[in-house]
Visitor: 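Here it is, the structure, as structure tokens.
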Amino acid sequence: MSTHTADAPTEKATTPDNVYFRCFAGCGATFSLYDVVYRCPKCDSLLEVYHERDPLKQRNAYQWQRLFDSRASTTTWPYGSGVWGMREWVIPDLRDENIVSMCEGNTNLFWAERLGSQLGVPDLWIKLCGNSHTGSFKDLGMTVLVSVVKQMMAQENSPVKAVACASTGDTSAALAAYAAYAGIPAIIFLPAGKVSTAQLIQPVANGAHVLALDTDFDGCMKIVQEVTQDRSIYLANSMNSLRIEGQKTVGIEICRQFNWEVPDWIVIPVGNLGNISALHKGFRLMKDLGVIDRMPGLVAAQASQANPFYQSFKHGFESKTSITAEKTLANAIQIGNPVSYEKAVAAVKETGGVVEHATEQELADAAAKADLTGMFTCPHTGVALAVLEKLVKRGQIKREDRTVVVSTAHGLKFTDFKVDYHESTLESIASTYANPPAYLPASTDAVKKEIARRLQI
Ligand SMILES: *Cc1c(COP(=O)(O)O)cnc(C)c1O
Ligand SMILES: [Zn+2]
């Protein structure tokens, strides 16, 4: 696919010297972050944002830690954002006035004491990335991408007029919100009828141009790539590695929250494989700079209905598997042809990681079980928790291991899933932990009887 031959981006033209796009396959091609380029024109591989290490070594590990500690949750623009609090490691040369931020990141990492002891991993932590502006971790990547677009559009003769993405629901919510905040038009491609009501209404409310197509995510992805070929519409999918730069801050933030200690395992639900690649990239950078001295094992959790990465893993990553993804409650990971495959393979291999999958029954019960300990988990987090359970059972994750589950979205985006589970109306699923409300007459007697029956008092 040589979409940029006519007006090819100039190699290293306006590249900030130390941070630039480079070809992930290693052919040596580099581009400015402000070039409209998503893949290597030479070998069609993904690009990555590369930060040269030497300039970053001007601060030592201790100095970086103190700097980031000191900025966390402050109100000094733009450092109150978990992403821009690490701006030197993200996109250092963005001008303050072009940063499009709603103070994303700095999400809570909490000890899941009861759930952890039930599952046999008492040192279990949940990183609640869904406690964010649009209710998913996608905000972390979008603040970076939309900021770069704003800086591009501020340049003379910029071809970019709008941003666009295909989405399984959360990417579009984040893009629509950040684009609206910046005043940039957004075009959203959704698979009709395959996203939750909350996910559909977010870009609608934010004034995006919402196009619901009669296809699945992979079908939308194909069309958005064609529509964005002429460079006037900028592609915001995670193939665009600017998103990865923002998302990589999650791993760094987890370490900061643990006083710069590295957990043993991080379990994360995966679809297009951008987020696990981002997690890995953040840890890689910290390791190279001596901020940490080891990597956590990264566990990629897939829904069995959409498990191409699991299948590739089973075959020793001999080749990339692509499938037609089947319907899953975890709709944000219903992806059959994951874009960031090569990056995710490196993430699993270099960290001694694992790929595992979970059925619809397993993910629904795992989510419900977690909710009974005070959470309100989205189905994707259910996938991660079900996978965690499996790895603990087979002894791969040990009792003493410090384990973090990345909760990727807020459960309130998925109330249909919750309601159907507790009403026991989910197709082909037994609602093991259903807790439906009791409908009673307005009588003290009836109420007392019901309470006595339930509490056995
Ligand atoms: C996007 C998304 C994922 C998967 O992330 P990938 O980068 O596509 O692997 C998981 N959970 C939720 C809630 C998401 O929105
Ligand atoms: Zn290349």
Side-chain angles (χ1 to χ4, degrees), residues 1-2 4 11 21-31 37-48 50 127-132 134-142 165-175 195-196 198-199 202 217-218 221 236-241 243-244 246-248 250 267-281 298 300-303 306-309 325 328-344 347-348 355 363 367 377-384 405-414 417:
M1 190 180 66
S2 55
H4 305 288
E11 283 188 35
F21 284 131
R22 75 174 187 189
C23 171
F24 189 70
C27 82
T30 61
F31 306 95
V37 54
Y38 316 113
R39 280 183 177 277
C40 178
K42 289 186 188 159
C43 53
D44 201 36
S45 156
L46 292 172
L47 301 173
E48 67 173 342
Y50 186 68
K127 177 66 171 165
L128 215 55
C129 295
N131 278 2
S132 183
T134 69
S136 89
F137 74 83
K138 299 292 201 294
D139 292 349
L140 303 172
M142 279 315 169
C165 73
S167 177
T168 53
D170 292 326
T171 300
S172 45
L175 179 63
V195 302
S196 79
Q199 289 172 323
Q202 286 180 293
F217 169 80
D218 297 298
M221 193 64 230
N237 278 96
S238 64
M239 170 195 303
N240 186 323
S241 52
R243 296 236 331 260
I244 307 292
Q247 292 175 20
K248 85 178 182 199
V250 168
V267 188
I268 182 169
V270 302
N272 225 356
L273 303 177
N275 209 22
I276 190 169
S277 309
L279 201 54
H280 177 231
K281 195 163 189 275
L298 298 185
Q302 289 223 287
N307 66 357
F309 194 51
T328 167
L329 292 162
N331 67 14
I333 54 176
Q334 189 177 327
I335 293 172
N337 182 20
V339 163
S340 294
Y341 174 79
E342 286 82 8
K343 291 180 177 177
V348 172
V355 187
L363 77 87
T377 45
C378 75
H380 321 86
T381 307
V383 171
V405 168
V406 176
S407 178
T408 44
H410 201 295
L412 284 173
K413 284 183 129 181
F414 300 91
F417 158 65

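Counting starts at 1 for both ligands and their atoms, in listed order.
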Visitor: Quick check: do Leu298 and Leu279 have side-chain heavy atoms less than 4.5 Å from each other?
Guide: yes

Visitor: List the steps and the verdict of side chain to side chain contact (heavy atoms under 4.5 Å, CB included) for Met221 and Asn237.
Guide: CA-CA 8 Å; Met221 193 64 230; Asn237 278 96; 3.7 Å; yes

Visitor: I'd like to check Cys27 versus Cys40 (side-chain heavy atoms, cut-off strictly below 4.5 Å). Are they in contact?
Guide: yes

Visitor: List for me each residue that meets salt bridge (Lys or Arg N to Asp or Glu O under 4.0 Å) alongside Asp170, sequence neighbours excluded, and say none if there are none.
Guide: Lys413

Visitor: Just one of Asn275, Thr171, Leu175, Thr408 clears the side-chain contact (heavy atoms from CB on, under 4.5 Å) bar with Lys138, so which one?
Guide: Thr171

Visitor: Which protein residues have a heavy atom closer than 4.0 Å to any atom of ligand 1, listed by chain and number?
Guide: Phe137, Lys138, Asp170, Pro269, Val270, Gly271, Asn272, Leu273, Gly274, Asn275, Ala332, Ile333, His380, Thr408, Ala409

Visitor: Would you call Ser132 and Phe137 a side-chain contact if the rule is heavy atoms closer than 4.5 Å?
Guide: no

Visitor: Just wondering, do Asn272 and Ser340 contact through their side chains at under 4.5 Å, heavy atoms?
Guide: no

Visitor: Going by side chain to side chain donor-acceptor pair (under 3.5 Å), name the residues that satisfy it together with Thr134, two or more places apart in sequence or in a different chain.
Guide: Asp139

Visitor: Can you list the protein N, O or S atoms less than 2.8 Å from the Zn ion (ligand 2)?
Guide: Cys23 SG, Cys27 SG, Cys40 SG, Cys43 SG

Visitor: Taking 4.0 angstrom as the limit, do Glu48 and Arg22 come out as a salt bridge?
Guide: yes

